[in-house]
Amino acid sequence: ARTGLPVPDIALVLKTSNSEVDLGLQRGIIEDIPMSGGGAIVTAEILVKSCDRVQLEPTRFDLRAGETNDIQVFVRDADVVIHCVDQETGDALIPDACYLEGGTTLDASDRCRVVVERDYEVRCVVPRYRRLGSKRFRVTRDDFRTLTDVETPYQVVVHFEPCEADVDLRVEDAATGAVLSRAHVRIGPHSLGCTRGLESLRLPPSTRQVTWPVSAQQQGWVLVAPRDVELHATPQHDDDPRQITILMRRCEVLVRCVDAMSREPLDAHCLLEPANDTTPQPWRLDDADDACVVDVSDTERT
């Protein structure tokens, strides 16, 4: 029906009210088809035997015995096109991969021909997007016959939502601005470890904006700011990603021995002893030291 060219690989069946003739792949003049009626007009139905092509109207023809009856049967492909669409904006999305699963796997990156009356599951991969729910469909012959024209394929729409946010991460000493490369960072459910720079974080389903807690750990250091961060899902890699600078400070204890009356400093040996069994060995300060760095996991010392 689209090109007007013959389709030689489709078998045909001729049916009347009291007979059925398998025409197979015969084309052209087909002789000696038995007909009843002695020359009277007989209404016959020509049926197409194909699983992935659809016969269009007309399907019934008036035949007269003893004459050559000219019959043309029109068919069209049972083809579908998959559209990936942003649920909120309606923007068309370009998938990295798109295929159909229905007994066999079909490449659906362009229009593809499907088997009529078969269930298909759409599988599409769109970068930085998440598919909303599952998408199953089944097409019937009537679905194709009711389309506006024979050039139009059956349309299947699959909805997506953006699900990733870009961050540019740094960890610094709050006092000096020096970069801390060994601090382990966690943002919400994402453990980033010692990763720095540009990262893409996946957001929870049906969420375009989140507020996640921030934590950073390094022995002898404690988090200053920020305690949480707000992120928004973006459909493409952001040219201006969210800048997150985590500030930390050293956990320092200043120990000085002074004269109780004059407050003059005294030369003394100082020892920090464990306050409980869970604290590791004592820390001894040398004569020249006046401070020590305390592990943040050891909150009590005497």
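Starting from 1, each residue takes its place in the sequence as its number.
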What residues form a side chain to side chain donor-acceptor pair (under 3.5 Å) with Arg131, not counting sequence neighbours? none
Do Glu172 and Val224 touch side chain to side chain, with heavy atoms closer than 4.5 Å? no
Taking atom CG of Asp119 and atom CD of Glu101, what is their separation to the nearest 0.5 Å? 13.0 Å
Whether Gln155 side chain and Pro153 backbone form a donor-acceptor pair below 3.5 Å: yes
Kindly compute the distance separating CZ (Arg138) from CD (Glu117), expressed to the nearest 0.5 Å. 6.0 Å
Within the side chain of Thr59, is there an N or O that forms a donor-acceptor pair under 3.5 Å with the backbone of Glu57? no
Show which residues join Val85 in its hydrophobic cluster (side-chain heavy-atom contacts under 4.5 Å, direct or indirect), or state none. Val157
Would you call Asp9-Arg53 a salt bridge at under 4.0 Å N-O? yes
Return each pair, listed once, that meets ring pair (Phe, Tyr, Trp, His ring centres under 6.0 Å) where at least one residue sits in residues 97-156; pairs must be two or more places apart or across chains. Tyr120-Phe137
Pairs flagged by ring pair (Phe, Tyr, Trp, His ring centres under 6.0 Å) wherever residues 159-217 is involved - sequence neighbours left out: His190-Trp212
Test salt bridge (charged side-chain N to carboxylate O under 4.0 Å, His left out) applied to Arg113 and Asp77, Asp107, Asp79, the passing residue: Asp77
Do Val171 and Val229 belong together in a cluster built from hydrophobic side chains that touch within less than 4.5 Å? yes
Once side chain to side chain donor-acceptor pair (under 3.5 Å) is applied, do any residues pair with Thr140, and if so which ones, sequence neighbours excluded? Asp143
Side-chain donor or acceptor of Arg141 paired with backbone N/O of Leu56 under 3.5 Å: no
For the pair Arg27 and Ile10, evaluate side-chain contact (heavy atoms from CB on, under 4.5 Å) and give the outcome as yes or no after the intermediate values. CA-CA 10 Å; Arg27 302 292 189 269; Ile10 293 181; 4.1 Å; yes
For Ser191, which residues count as a side chain to side chain donor-acceptor pair (under 3.5 Å) partner, sequence neighbours excluded? none
Side-chain touch Val125/Pro95, heavy atoms, less than 4.5 angstrom: no
Please examine the side chains of Val80 and Leu100, heavy atoms only from C-beta on, and report whether any two atoms are closer than 4.5 Å. yes
Could you check whether Glu164 pairs with Arg128 (Lys NZ or Arg NE/NH1/NH2 to Asp/Glu carboxylate O, under 4.0 Å)? yes
Under 4.5 Å between side-chain heavy atoms, hopping through other hydrophobics if needed: is there a path connecting Trp221 to Leu247? no
